[in-house]
There are 2 protein chains.
Amino acid sequence: MTGIDDIDQRILTMLEADGRATLAQLAQETGLSVSAAQSRVQKLEKRGIIKGYKAIVDQEQRGLPISAFVNVTPLDYSAESSIPEKLKNIKGIVSCYSVAGAPSFVLVVRVASPGALEELLNLIHRTVPVSTETTMILQTYFAH
Amino acid sequence: MTGIDDIDQRILTMLEADGRATLAQLAQETGLSVSAAQSRVQKLEKRGIIKGYKAIVDQEQRGLPISAFVNVTPLDYSAESSIPEKLKNIKGIVSCYSVAGAPSFVLVVRVASPGALEELLNLIHRTVPVSTETTMILQTYFAH
DNA sequence: CATGAAAAAGCGGCCGC
DNA sequence: GCGGCCGCTTTTTCATG
């Protein structure tokens with residue numbers, strides 16, 4: 001397993017900023033040839049360092065204006081480890097982190113309406129034995 | 001301002017799952033021709049509904065293994081509105097949300113080491129008059 | 001919105017350095 | 001590992017009906 005050198009880092013930074021940057025662009029910025037840039041990108045993909053590419057969508061314009069953090073605390077700690085797996089396929093839950101703090105998990109959720117948020121929280125409670133505390137997100141200033 | 005119909009929604013979903021999906025793929029899945037798919041994608045980009053494309057990078061393998069939530073509370077609320085702008089260009093701050101809760105803002109940060117986290121927090125305190133509370137992220141189970 | 005043709009980008013392989 | 005080449009395929013782009 002070879003390390004990640006500075007050129008790889010620059011390629012990663014460029015592709016994070018623009019996932020559709022062409023090999024020619026990457027080559028020019030890094031001073032490499034196109035074929036060298038290509039082989040580096042392919043290696044980064046194969047090693048799983050580049051996990052994929054995605055479009056960044058304005059969720060508000062799309063019709064999902066409400067987002068929130070949901071702090072999740074298990075009622076039964078023996079079931080704690082199975083919680084993320086059970087939450088994974090619930091629509092509206094964008095991400096799930098385990099944290100070193102009072103709640104065991106922090107979720108980011110996104111829904112269309114206050115009513116949909118209530119339904120989502122109810123669904124979470126029916127799915128896993130937890131208590132939740134919700135903090136509404138008022139504005140996303142940036143999310144690189 | 002035209003609305004977003006079901007076909008647009010499907011295009012957005014596909015491009016969120018794979019930001020490098022080709023127009024031919026989008027056309028096939030939606031039943032459109034390539035040129036129709038192209039014009040829809042272009043409109044979505046022009047309207048800012050597709051804000052861009054980015055590579056998904058495994059930050060741990062990249063050498064940034066530590067991430068955390070940082071709750072930010074202004075010491076001087078008269079300066080509150082200028083805080084996100086000042087934090088925007090600090091390296092290591094991944095995202096910034098304003099929230100309806102005890103802290104005014106929640107940051108997500110990512111750094112290479114505990115020492116780098118300390119430096120980042122010090123830099124935040126030197127940049128804006130706030131108190132912070134940091135919650136380490138132990139694991140990211142998923143982040144769609 | 002569909003068709004089709006030109007231009008650009010990507011892919012894989014090769015070789016010499 | 002890099003550079004530069006090749007031919008080939010896929011994708012994008014744009015003019016046109």
Side-chain angles (χ1 to χ4, degrees), chain A residues 1-64 112 142-144, chain B residues 1-65 91 110 112-113 142-144:
Chain A
M1 187 186 289
T2 319
I4 303 176
D5 64 14
D6 284 352
I7 295 181
D8 286 332
Q9 291 284 3
R10 276 202 281 167
I11 289 174
L12 291 173
T13 300
M14 286 186 71
L15 286 175
E16 278 187 318
D18 177 10
R20 295 210 151 175
T22 66
L23 296 174
Q25 288 175 294
L26 297 175
Q28 183 169 14
E29 290 289 322
T30 55
L32 296 175
S33 68
V34 171
S35 63
Q38 182 185 25
S39 91
R40 280 177 179 265
V41 170
Q42 287 175 344
K43 279 176 191 164
L44 290 168
E45 289 171 346
K46 274 190 182 143
R47 290 162 67 187
I49 296 169
I50 296 175
K51 292 190 284 189
Y53 302 87
K54 63 187 296 186
I56 308 306
V57 175
D58 184 327
Q59 301 294 347
E60 290 196 22
Q61 284 194 66
R62 192 188 183 168
L64 296 173
F142 55 88
H144 296 160
Chain B
M1 188 186 294
T2 318
I4 303 176
D5 64 14
D6 285 352
I7 295 181
D8 286 332
Q9 292 285 3
R10 276 201 281 167
I11 289 174
L12 292 173
T13 300
M14 287 185 69
L15 287 175
E16 277 187 320
D18 176 11
R20 293 209 154 175
T22 66
L23 296 174
Q25 287 175 293
L26 298 175
Q28 184 168 13
E29 290 286 324
T30 55
L32 297 173
S33 69
V34 171
S35 67
Q38 181 187 29
S39 93
R40 279 177 182 266
V41 170
Q42 286 175 344
K43 279 176 191 164
L44 289 168
E45 289 170 345
K46 272 192 184 143
R47 290 162 70 188
I49 296 169
I50 295 174
K51 293 191 283 189
Y53 302 86
K54 63 188 295 186
I56 308 306
V57 174
D58 185 326
Q59 300 295 345
E60 291 195 21
Q61 284 194 65
R62 191 190 185 166
L64 297 173
K91 190 180 149 192
R110 182 169 280 280
S113 67
F142 55 89
H144 296 158

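A note on names: the letters A, B, ... follow the listed sequences, proteins ahead of strands, and every chain is numbered from 1.
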### Task
Please check if atom CD in Gln42(A) has more than 12 non-hydrogen atoms from other residues, nucleotides or ligands closer than 6.0 Å.
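Yes, CD of Gln42(A) has more than 12 neighbouring heavy atoms, counting only those of other groups under 6.0 Å.
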
### Task
Check the surroundings of atom NZ in Lys51(A): do more than 12 heavy atoms from other residues, nucleotides or ligands lie under 6.0 Å from it?
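Atom NZ in Lys51(A) is packed in, count exceeds 12.
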
### Task
Please list, by residue number, the residues of residues 21-46 of chain A whose heavy atoms come closer than 4.0 Å to an atom of DNA chain C; answer none if no residue qualifies.
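DNA chain C contact set from residues 21-46 of chain A: Thr22(A), Leu23(A), Gln38(A), Gln42(A).
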
### Query
Can you check side chain to side chain contact (heavy atoms under 4.5 Å, CB included) on Thr2(A) and Lys43(A), steps first, answer last?
CA-CA 10 Å; Thr2(A) 319; Lys43(A) 279 176 191 164; over 6 Å; no

### Query
Where is the tightest heavy-atom contact between Glu60(B) and Arg110(B), given as atom of each residue plus distance?
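Closest pair (atom of Glu60(B), atom of Arg110(B), distance): N-NH1, 4.3 Å.
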
### Intermediate values then yes/no, side chain to side chain contact (heavy atoms under 4.5 Å, CB included), Asp5(A) and Arg40(A)
CA-CA 11 Å; Asp5(A) 64 14; Arg40(A) 280 177 179 265; 3.0 Å; yes

### Task
Nearest whole angstrom, please: distance from the P of dC2(D) to the CG of Asp6(A).
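Atom CG in Asp6(A) sits about 13 Å away from atom P in dC2(D).
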
